[in-house]
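Only one structure is covered here, and it is reproduced in the block below.
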2 protein chains.
Amino acid sequence: MTRVTPKIQAAGHDCTACPIRHRAVCARCEADELQVLEQIKYYRSFEAGQTVVWAGDTMDFVASVVTGIATLSQTMEDGRRQMVGLLLPSDFAGRPGRATSAYDVTAATDLVMCCFRRKPFESLMLSTPHIGQRLLEMTLDELDAAREWMLLLGRKTAREKIASLLCIIARRDASLQLSQTHGELRFDLPLTREAMSEYLGLTLETVSRQMSSLRREGLILTEGKRHIIIPDFDRLLEETGDDSDGGFLV
Amino acid sequence: MTRVTPKIQAAGHDCTACPIRHRAVCARCEADELQVLEQIKYYRSFEAGQTVVWAGDTMDFVASVVTGIATLSQTMEDGRRQMVGLLLPSDFAGRPGRATSAYDVTAATDLVMCCFRRKPFESLMLSTPHIGQRLLEMTLDELDAAREWMLLLGRKTAREKIASLLCIIARRDASLQLSQTHGELRFDLPLTREAMSEYLGLTLETVSRQMSSLRREGLILTEGKRHIIIPDFDRLLEETGDDSDGGFLV
DNA sequence: AAAACTCTTTGATGTAGATCAACCAGCATG
DNA sequence: CATGCTGGTTGATCTACATCAAAGAGTTTT
């Protein structure tokens, strides 16, 4: 389990060079506002599989994902688990005004977060409207995504669920690389079959079977277990059950 | 279909007498800020079953639910529907900065909304931080509720889903009446079996069967089709699958 | 007071996905 | 190079819920 510690931790204190500068909670901040943020921020790294916080534990910071992927999940007493959020670079974790985490937060891949102690961040929100405004916008986006996910969980078939997840990840990956979402797409699946099943409200066996079925039909190709190639994105899109046009807001 | 038009429409321009004054987006506003809001607000009434807006249609206002219940739902091309939100008095509908509704908004019961034209509301948000702050708080609450719902949709059994829904409605009803959530509770179900099924990701037959089963076991009693009596709230709570203590944030 | 609605309940049957159980591939470890 | 470990695949069987179908209860309409 030897993993390279992401470089940014050692380096970057300079917000202007930050890769998520224009999309994170600080996106609207002016130079002087950024300087205040730089005073209270610190980076934390996690290895794939590590837990950032457990549901119910105190969480005295809020944070932006800088690189990697984190998941939010809930667990029932008897162990049933449901993932309720997938945090990608620039997404925000934690809730101003709340001391304990409502969810298990876990590093799905190696992860770097830009953290702010909660109290200073909260007072900053009062004095710096740009932060609150941006956070509102991001929270509204999250709410839309959560509601889209409710449709998936409540009404889609296993096959549609898998296709939807693959399309979402492919799309977000493409948007990070600034490539087009047409024709062939390739990316690494950042989730295990088990994590996928927790996100989709399925068992991992069903996930595996549906992946195999999509592979058999040529809708996806795989290299190793995790590298996915989508030869024709639009064709996979048709399997999601969504409107051909609009669909997910991502 | 003769229904009494809610009185507030004729009467109330006075925010200070508003029943949702202390819980809605305007909760944190000072007297002078309320005066500005009063300038741009207007009431709209809808009868049970009426559509407020269709998904995709332009929605040039945002609004607070004053009395009654509204639902948000999504529809797939082939007609499968999933409810993604239940708006109770004081809840907020619409999204500042977005011109079209992402969901079908429907009056589940007779409904009165306090509306603000979107543009003036947006500029008010910039000049009146109290509104944006409150909206952020409400949106974060909605997001928590949506995530709780994802757990229900993804992992709960039909029986647990029904018990959860009844508990949530009973709880919110009790909080409006300022009564305790222990021992016997009674309330009117504001949803048809079909609406319940759309919310829970079930068919209406399954909803009906599970309601009958809870009734047979004495967990609920019914008077007519819609009036529900919960003789022992804590006993019903045990059927939800949630932690006995915390559970829903509502 | 019969007809037509809407909402609900109940029964018979079918099926998607869960559950239980092997087994395989890739890797790290003694 | 056997050993165990983690993550993934595939098969056989079971079951919770969907689907199809009919009928009851409470309305409004004629």
Between [atom2] on [N] and [atom1] on [X], what's the gap in Å once rounded to a whole number?
X      : N      : atom1 : atom2 : value
B/L200 : D/dA16 : CG    : P     : 18 Å
A/L214 : D/dT10 : CG    : P     : 13 Å
B/Q210 : D/dT15 : CD    : C1'   : 14 Å
A/M196 : D/dT9  : CE    : C1'   : 14 Å
B/E223 : D/dA25 : CD    : P     : 18 Å
A/R155 : D/dT19 : CZ    : C1'   : 13 Å
B/L204 : D/dC20 : CG    : P     : 13 Å
A/E194 : C/dT19 : CD    : P     : 13 Å

Nucleotide nearest A/S208 when distance is taken to its side chain, options C/dT10, D/dG8, C/dG17:
D/dG8
Parallel, tilted or perpendicular, judged at 30° and 60°: which one describes the rings of A/F61 and A/Y42?
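Geometry flag for A/Y42 against A/F61: perpendicular rings.
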If you draw a 6.0 Å radius around CZ in A/R159, do more than 12 non-hydrogen atoms from other residues or ligands fall strictly inside?
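Result for CZ/A/R159: enclosed.
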Have a look at [X] and say if it touches a base, only the backbone sugar-phosphate, or nothing, with a 4.0 Å heavy-atom cut-off.
X      : answer
A/S212 : sugar-phosphate
B/T192 : sugar-phosphate
B/R215 : sugar-phosphate
B/L202 : sugar-phosphate
A/G201 : sugar-phosphate

Within the pair [X] and [N], is there a side-chain N or O less than 4.0 Å away from OP1 or OP2?
X      : N      : answer
A/R159 : C/dA16 : no
A/T206 : C/dA18 : yes
A/R209 : C/dG17 : no
A/R226 : D/dG7  : no
B/T203 : D/dA18 : yes

Where A/E198 and A/Q82 come nearest, the two heavy atoms and their spacing
O-NE2, 3.1 Å
Locate the shortest heavy-atom distance separating B/S73 from B/M83; write the atom from each residue and the value.
CB-CA, 3.8 Å
Could you check whether the side chain of B/E205 and the base of D/dC20 have a donor-acceptor pair of N or O atoms closer than 3.5 Å, going by distance alone?
yes
For A/T75 and A/R80, does a side-chain donor sit closer than 3.5 Å to a side-chain acceptor?
no
Distance-only side-chain donor-acceptor flag, A/S208 / A/R193, under 3.5 Å:
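The criterion, which ignores hydrogens and geometry beyond distance, is not satisfied for A/R193 and A/S208.
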Walking DNA chain C from its 5' end, the first of A/V207 and B/K225 to be reached, judged by nearest nucleotide, is B/K225
